[in-house]
Amino acid sequence: MNGFKNFLQFFFSLFLKQRHTERYFRRQKILESLNRLGTGNRLTSLQYDSRKMSQIATDDVPAAITRLHSCEDGLTNAEAASRRERFGPNEVEHEKPLPAWRHLWHCYSNPFNLLLTTLALISALTQDLTAATVIGTMVVLSTLLRFVQEGRSNRAAERLKSMVSNTATVIRRQALDTEALNARYAGEHLHVGRSAVPVELPIRDLVPGDHVVLSAGDMIPADCRVLTAKDLFVSQSAMTGEALPVEKFAEIDKPFTSIFETPNLVFMGTNVISGSATALVVATGQNTCFGALSARVSETDRTPTAFEAGVNSVSWLLIRFALVMAPVVLFLNGLTKGDWLDASLFALSVAVGLTPEMLPMIVTSTLARGAVTLSRRKVIVKRLDAIQNFGAMNILCTDKTGTITQDRIALARHTDAFGTPSDAVLRYAWLNSFYQTGLKNLLDRAVLEHVALGHEAPEAQTWHKVDEIPFDFERRRMSVIVSEGDNPPLLICKGAVEEILAACTWIADNESADVRPLDDRTLERLRTVTQDLNRQGLRVVAVATREMPAAQSVYSVKDEADLTLVGYIAFLDPPKETTAPALRALAEHGVEVKVLTGDSELVTAQVCAQVGFGHAHVLTGPQIDSMSETELADAASKHQIFARLTPQHKERIVHALRNDGHVVGFMGDGINDAAALRAADIGISVDTGVDIAKEAADIILLEKSLMVLEEGVLEGRRTFCNMLKYIRMTASSNFGNVFSVLVGSAFLPFLPMLPLQLLVQNLLYDLSQTAIPFDSVDRALIAQPLKWNPRDIGRFMIFFGPASSVFDIATFIIMWHVFGANSEAHQSLFQSGWFVEGLLTQTLIVHMIRTPQRPFIDSRAAWPLMLMTIIIAVIGIALPNSPLGGYFGFQPLPLSYYPWLAGMILGYAFLTSLMKKIYIRQFGW
């Protein structure tokens, strides 16, 4: 009963999965609104123009506006409409879901289904409707099961890309009715001309040359050049992988090597953390960097994954074997029996028997069960094939931010000016962050959280705020003036190291508990300390103080002078606590993890060292640019950490690893990860990732954790092992049957088995194998990555197949000599005996070769497989003795036959066990 219960639970759970995904969608938050734009850009041949963006960046503001043929107060509606006709709407293409009919064809069109369809048609034409029905049923069930399961998963992914309403604040020149307004205000000396008015417009209506207003929380609606900025911090993590927000301002003051490092350019898909700005739209829709990546993902066909290539190679191996053996059987029986019609029907039945027609059904059922299992573990499978790729994966490439790290900024160090830990510096930094007004940036929040967690906050009631000098990008620092009790006011300044040092003339010396002048020698020593902190991957902020006169009441930027440097606070995106154990677990299971990030090499190396990568050498994007494909393949296999990468770098690395024979997984959630996700054997994203990443992915995680991946890897290997069991057992038993048929056909005056009997035996055997997806798997078999190996399957088939033929031929001899089934008049007795022996040895031997261990002792099959084996064995024994036996050409077997049958089954089990030991010793398992 438990076996049937498991069957019912499985197939029922396929339909319940729809409800599971619906609950999942209700939990989702719309985090990436800009990336949910529709399709339909009119431009067909697009390539991202980074050269144009670089030119715009180096122009001054008037020159940039002129280059875009815009005006200082924006475009008019008429001008914008004209440009929209030329450039199309500001929309980004997404990969379109396949129409239902194409998806159904995709689920059907594999080599086995096509061959089985051909066999079904031939069977129908030759009036063998039973065979046609059996084969057709297998094809329909496997195709529909895959269609339904993948359809539900794809609809789940589509819901993640639902449209939302998006607007942007755009400055448009309004052509006003000057005559009416001048008449209305006659006598007031008011003359009205044109006016620049901010308006809310749908993002899709933006065009190059528009001026947009940006503020905290906004998504950047297009690729833009910053015109004015106030305290503008932009998060580019989705585009570049940088954990920390980037400062942006109108002009550049130093050369840049990448457009993403340009301080006056902002890109579609990134978002404003704090501050405000006006920006000039340079590129829209598919002409943006985001659009170019999206088009590449949408238009590029996937290369066959390791799973697809493996299944196809195994399929063609078995098909070629069938195409060779079936004609041999045809000619041998035609020549020896003289009845070419019967020989043709028998050869066709042999071809069906040789072809594991349940393979598509078993594969799809196994993958579907894996999808249901993974859905309970916070994993949504978009493509069923991806589950097996999980198990075959031996290299996992992952981004850093949010996967290895916590994707939040934390205070890592607080030291005095010479690098010694100092609580006094932390106290001053906390006072500065606590008392400043306005929107606190990520660094301020990190200071406040660190102190709150450590319960080290100064007594706030003993301090009070006197004044504040706000931050600006010219000074790159900000100050608060606070006072404690009756003490004189204290100015506490916090900001970029160089800007703070420029305002300092004194330094606090903790060793002497005194203050001394800041000379050139000490300044060099200080720079060495900060550079050492930077090399550790830390972002350093300096803290300085100055006692102010008690009588002073008004404070300004001029007071940020003659400061005393007290020390530094340093920040880092800390690694997750689960990262190191997950990396160890993946390594134990034969999966090597490589980090591919757009962040700096210093930050990346420091984080990776903390989670167990050691002090590995970091390969950077600029170094990759100078490498040939051969050099990159060698470097990609040797290095574990890659930093300062563009999307193209990531894609090249994935291709290089795949071309080197590895099965590669890629985990990422940003715009910059989409191309690599598409290129990998298995793309893995998360539910909070941008849409372009989720489109390119095969699997979506509801929790961004490497621990979840470990579960997926093991489930993929269990799935693979169960598929491999069916292929190995079916291929070897079919080979043995054909060998037996050839021997019998050469020496018997009648067919060793009727075509209908052969089809029934094959169908019953296949039904016994439908429980394989539920079988247990030995832990030793999933310890390392698993790959399809047609050579291994062919070797297994040839090695174990003839073993069954030994006992088939023994059955021929026993039926001929012991039971007198040696003429056409007694052929039904002969055929009944071989039918039962062949079915039982095929079915029961599953338990012998499903595991390299001792069956029933060290490794037992799961209850569904055990139950189906017993049921089919009982049916096989009962059928010749039942009233239906005559319909199939059987006759009852004498009781004296069954001791011989038991002896042959035990002998087959012994011989198979012996050969299994030899096989494992020679080839492994």
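Excluded from the calculations below are hydrogen atoms, water molecules and symmetry mates; all remaining heavy atoms, backbone and side chain alike, are included.
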Student check: side-chain heavy atoms of [X] and [Y] closer than 4.5 Å:
X      : Y      : answer
Leu596 : Asp399 : no
Leu709 : Ile684 : yes
Asn722 : Pro773 : no
Ile793 : Ser732 : no
Val593 : Phe613 : yes
Lys576 : Thr403 : no
Gln236 : Phe267 : yes
Pro785 : Val663 : no

Could you tell me whether a side-chain N or O of [X] sits under 3.5 Å from a main-chain N or O of [Y], the two making a donor and an acceptor?
X      : Y      : result
Arg658 : Ala679 : yes
Thr579 : Pro575 : no
Arg717 : His589 : yes

Pair Arg850, Ser859: side-chain N/O donor-acceptor within cut-off below 3.5 Å: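 Yes, Ser859 and Arg850 have a side-chain donor paired with an acceptor closer than 3.5 Å.
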Residues Thr851 and Asp778: side-chain donor-acceptor under 3.5 angstrom: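 Yes, Asp778 and Thr851 have a side-chain donor paired with an acceptor closer than 3.5 Å.
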Testing the basics here: between [X] and [Y], what is the closest heavy-atom pair and its distance to 0.1 Å?
X      : Y      : result
Ile782 : Leu714 : O-CD2, 3.9 Å
Met868 : Ala771 : CG-CB, 3.7 Å
Asn389 : Asp681 : ND2-O, 3.2 Å
Gln406 : Asp573 : N-OD1, 3.5 Å
Ile872 : Leu764 : CG2-O, 3.6 Å
His847 : Thr843 : CD2-O, 4.3 Å

Distance in Å, [X] [atom1] paired with [Y] [atom2], rounded so as to fall on 0.5 Å steps:
X      : Y      : atom1 : atom2 : value
Leu645 : Asp673 : CG    : CG    : 10.0 Å
Lys400 : Asp599 : NZ    : CG    : 4.0 Å
Arg652 : Thr646 : CZ    : OG1   : 9.0 Å
Leu657 : Cys397 : CG    : SG    : 5.5 Å
Met729 : Lys725 : CE    : NZ    : 7.0 Å
Met667 : Ser685 : CE    : OG    : 8.0 Å

With Phe666, the side chain to side chain contact (heavy atoms under 4.5 Å, CB included) member among Ile682, Ile395, Asp698, Leu677: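 Considering Ile682, Ile395, Asp698, Leu677, a side chain to side chain contact (heavy atoms under 4.5 Å, CB included) with Phe666 is found only for Leu677.
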Partner of Leu396 by side chain to side chain contact (heavy atoms under 4.5 Å, CB included), out of Val591, Val713, Val595: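 The side chain to side chain contact (heavy atoms under 4.5 Å, CB included) with Leu396 is passed solely by Val591 among Val591, Val713, Val595.
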Stepwise side chain to side chain contact (heavy atoms under 4.5 Å, CB included) check, Thr719 with Phe390: CA-CA 10 Å; Thr719 301; Phe390 243 159; over 6 Å; no
Ion pair check, Arg728 and Asp792, cut-off under 4.0 Å: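 A salt bridge links Arg728 with Asp792.
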Lys594/Glu592 ion pair, N-O < 4.0 Å: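 Yes, Lys594 and Glu592 are salt-bridged.
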